[in-house]
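Nothing here was measured: the structure is a model prediction, and the numbers come from that model. The figures that follow rest on heavy atoms only: side chains count, while hydrogens, waters and symmetry mates do not. Residue numbering restarts at 1 for every chain, and letters A, B, ... go by the order of the sequence lines.
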There are 2 protein chains.
Amino acid sequence: MLENSSPASSAGSAAGHAYSHVLTLPVRAPRSSPHSDGIAIRLPGRSRLFDQSEEVGSTFEIVQGAVMLSRLLRDGRRQIVDILGPGRLFGAVMSPVQEVAAETLTASEIRVHGPDAEFSEARINNELRLAIDRLQTHAVLLGRKTALERVASGMVGLAVLLAGSRALNGNGPISFRLPLTRSDLADWLGLVLETVSRNLSQLQKAGLISIEKQDRVQILDMAGLKQVAAYETKWI
Amino acid sequence: MLENSSPASSAGSAAGHAYSHVLTLPVRAPRSSPHSDGIAIRLPGRSRLFDQSEEVGSTFEIVQGAVMLSRLLRDGRRQIVDILGPGRLFGAVMSPVQEVAAETLTASEIRVHGPDAEFSEARINNELRLAIDRLQTHAVLLGRKTALERVASGMVGLAVLLAGSRALNGNGPISFRLPLTRSDLADWLGLVLETVSRNLSQLQKAGLISIEKQDRVQILDMAGLKQVAAYETKWI
DNA sequence: CGTGTAATTGACGCCTATCAACTGGGGTGG
DNA sequence: CCACCCCAGTTGATAGGCGTCAATTACACG
C-alpha cells in the first residue's frame with residue numbers, strides 16, 4: 001500500500017493555541033438601518049472574528065490593527081493565507097462561503113458592515129484584486145523560496161504592514177512589535193517554528209535585523225533584507 | 001556574512017522553455033465597437049497571451065481550453081500560480097497591473113474583450129472571488145502538504161478542470177491528456193520535476209492512477225486519490 | 001530509422017523537520 | 001518584593017524527505 005505520513009505535527013501549533021485567553025466574540029451584523037456604514041468595535045489581539053466554514057453575513061473593515069486569515073486541514077495542519085492591515089476588507093463581500101478563519105493579531109478597531117451594506121463595486125473589486133496580488137506573491141514565497149528568504153520576506157512584509165509602506169524605501173531603522181508567535185510565522189511561511197527561530201537568529205547575526213524581548217523587531221538594513229528576501233522590485 | 005544560496009536551479013525549467021515553438025501572438029484589443037462582447041480567437045497550446053509586468057488592456061475569457069498564470073523571480077525561479085478552464089476570466093479586469101504571465105496549455109478558444117468591454121460587476125466579483133478561493137487552496141498545498149499529497153492534489157485538480165467536476169464524485173475511471181510537462185507540474189506544485197515523476201510513479205504503483213505515453217492519465221480510484229491528496233471536503 | 005527532448009530512475013547530499021534540552025521573560029501568589 | 005511557574009523561544013543533535021547530479025529509457029518527429 002501507499003504509505004503517506006502526513007505531517008500532522010504542526011497540529012500542535014494550531015489546536016493548542018498560542019494565547020489561551022482567546023475571546024470568541026459573538027460579532028453579529030448590526031441591527032441598525034440598511035445602508036449604514038457599519039459600527040466600529042474594538043477588539044483585543046487574538047480575537048476570533050469567525051471560523052473556517054462558518055456562515056458569515058457581515059463584511060469587516062479594518063480601521064486599525066491587523067487580522068490574519070487562515071485555513072486548516074482536517075488533521076490540524078494550518079496555513080495562514082493572508083495578513084491584513086488598515087483599510088482592508090474581509091468577510092462576506094470577499095467570499096460568499098467563508099473558507100477561512102479570521103482572527104485579530106493586535107488590538108484592533110474593526111468596522112462591521114451588515115449583509116445589506118453598500119460598498120461601491122469599484123472598492124470591492126479593488127480589494128479583491130489586492131487580495132489576489134498578495135496571494136500570488138505568497139504563492140511564489142511558499143513554492144519557490146528558501147527558508148531564509150521566506151523569513152526575510154516575512155519581516156519586510158510585516159514592516160510594511162505595521163510601520164507603513166515608507167518602511168520600504170526610507171533608510172532610517174524601522175521597528176515594530178511582532179504580533180505573531182514563532183508558530184504563527186511558521187504557519188504563514190510554510191515552515192516549522194524552529195526553522196523560523198533559527199533563521200531570525202541568522203538575520204540578526206548578519207546585522208540585518210535585531211530582536212529584543214522576543215517580539216521587538218528592528219530592521220537595521222532594509223535594502224540588505226530585501227535582497228536576502230529575493231524581493232520583487234515592484235511591490236506596493 | 002550571510003550565505004544564501006538561492007536555488008536558481010529551476011531557472012532551467014523556466015528560461016529554456018519546454019516547447020521551443022512558442023508563438024507570441026500580438027493579441028490586441030479588437031478595434032470593434034465599444035460594448036462588443038469581444039472576438040473569439042483560436043490558439044494552439046503553449047501560446048503566450050501576455051508576459052509578466054506587461055501592460056495589458058484586454059480581458060480574456062476562456063471559451064474552451066486551459067490557461068496557466070505564472071510568476072517569475074528575477075533569478076528565473078518560476079511559480080505557476082493558477083490554472084484556468086472554460087468560463088474563467090483573466091487579464092485587465094482581474095488585475096490593474098499585470099503581475100503574471102499567461103499562456104495556453106492546450107489548444108484553446110479565447111474571447112478577447114477590449115478595455116471598454118462591459119462585464120456585469122456581479123460576474124467580475126464572482127470571478128475574483130473564485131480566484132481567491134483557488135489561490136487560498138493552493139497556498140495550503142504549497143505551505144503544508146507533502147510531495148505525494150501535492151502530486152495527488154494536482155491530479156485531482158486537473159481531472160476536474162479537464163474532465164468536468166463530475167470527475168470528483170462519479171466512480172467510473174476518468175481519463176485526460178496531461179497538458180503540463182513534468183517541469184510545469186513541478187513549478188505549479190512547488191517541487192522539482194524529478195520529485196513529480198517519482199510521486200506519479202508511486203501513485204501508479206499504488207493503483208490509484210495509470211499513465212501511458214507519458215501524458216495519458218487515467219484515474220482509477222478517485223476516492224483513494226482524494227484521500228492521499230488530503231483533499232478538503234468542501235470543494236467545487 | 002535516427003535524432004533530440006521529455007521522462008524515469010538511481011545515488012547521493014543537503015536543507016529543513018523532528019526530537020529534546022535548556023533559557024528567558026512575564027505573571028502570580030505567598 | 002521575590003520566588004516560582006509556565007510557556008514562548010532558542011539551540012543542539014539527528015533524521016529524513018526532497019533536491020541535485022547523472023545515466024538510461026521512452027517518445028515524438030523528421
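Qualifying salt bridge (Lys or Arg N to Asp or Glu O under 4.0 Å) partners for A:Arg198, counting only residues two or more places apart in sequence or in other chains: none. Residues that satisfy the side chain to side chain donor-acceptor pair (under 3.5 Å) test with B:Gln136, not counting sequence neighbours, are A:Arg71. The side chain to side chain donor-acceptor pair (under 3.5 Å) search around B:Asp215 returns B:Arg177, not counting sequence neighbours. Scanning for side chain to side chain donor-acceptor pair (under 3.5 Å) contacts around B:Arg88 gives B:Glu127, with sequence neighbours left out. In this view, B:Ser108 satisfies the side chain to side chain donor-acceptor pair (under 3.5 Å) rule with no residue, not counting sequence neighbours.
Judged by closest nucleotide on DNA chain C, B:Leu180 is the one of A:Gly190 and B:Leu180 placed further toward the 5' end.
Atoms CG (A:Leu148) and P (C:dT16) sit 8 Å apart, rounded to a whole Å. Distance A:Leu193 CG to D:dT10 P: 9 Å, rounded to the nearest Å. Per the geometry, CD belonging to A:Gln204 stands 8 Å off P belonging to D:dT10, to the nearest Å. If you measure from atom CD of A:Glu149 to atom P of C:dC15, you get 12 Å, rounded to the nearest angstrom. Between the CG atom of B:Leu189 and the P atom of D:dC18 there is a distance of 12 Å, rounded to whole Å.
Taking five base pairs at each end of the helix from C:dC1-D:dG30 to C:dG30-D:dC1, the local helix axes there meet at an angle of 40°, rounded to 10°.
Pairs engaging residues 179-207 of chain A under the ring-ring contact (aromatic ring centres under 6.0 Å, His included) rule: A:His138-A:Trp188 [sequence neighbours left out]. Counting only residues at least two apart or on different chains, no ring-ring contact (aromatic ring centres under 6.0 Å, His included) pair has a member in residues 147-178 of chain A.
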Please tabulate the protein-to-nucleotide N/O contacts below 3.5 Å involving nucleotides 24-30 of chain D, giving atom names and distances.
none

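Under 4.0 angstrom from either OP1 or OP2 of D:dT11 there lies at least one side-chain N or O belonging to A:Ser201. Dashed line: the shortest gap from a side-chain N or O of A:Thr195 to OP1 or OP2 of C:dA17 is under 4.0 Å. The phosphate of C:dT8 (OP1 or OP2) has no side-chain N or O of B:Arg198 nearer than 4.0 angstrom.
B:Val151 pairs with exactly one of B:Ile209, B:Leu191, B:Leu185 by the side-chain contact (heavy atoms from CB on, under 4.5 Å) rule, that one being B:Leu191.
For B:Glu194 against D:dC18, no side-chain N or O and base N or O form a donor-acceptor pair under 3.5 Å.
Checking C:dT8, C:dT16, D:dT11 against the side-chain heavy atoms of B:Arg182 singles out C:dT8 as nearest. Taking the side chain of B:Val192 as heavy atoms from C-beta on, and the options C:dA17, D:dG19, C:dT8, the nearest nucleotide is D:dG19.
Salt bridge present: A:Glu149 and B:Arg77 bring a charged side-chain N and a carboxylate O closer than 4.0 Å.
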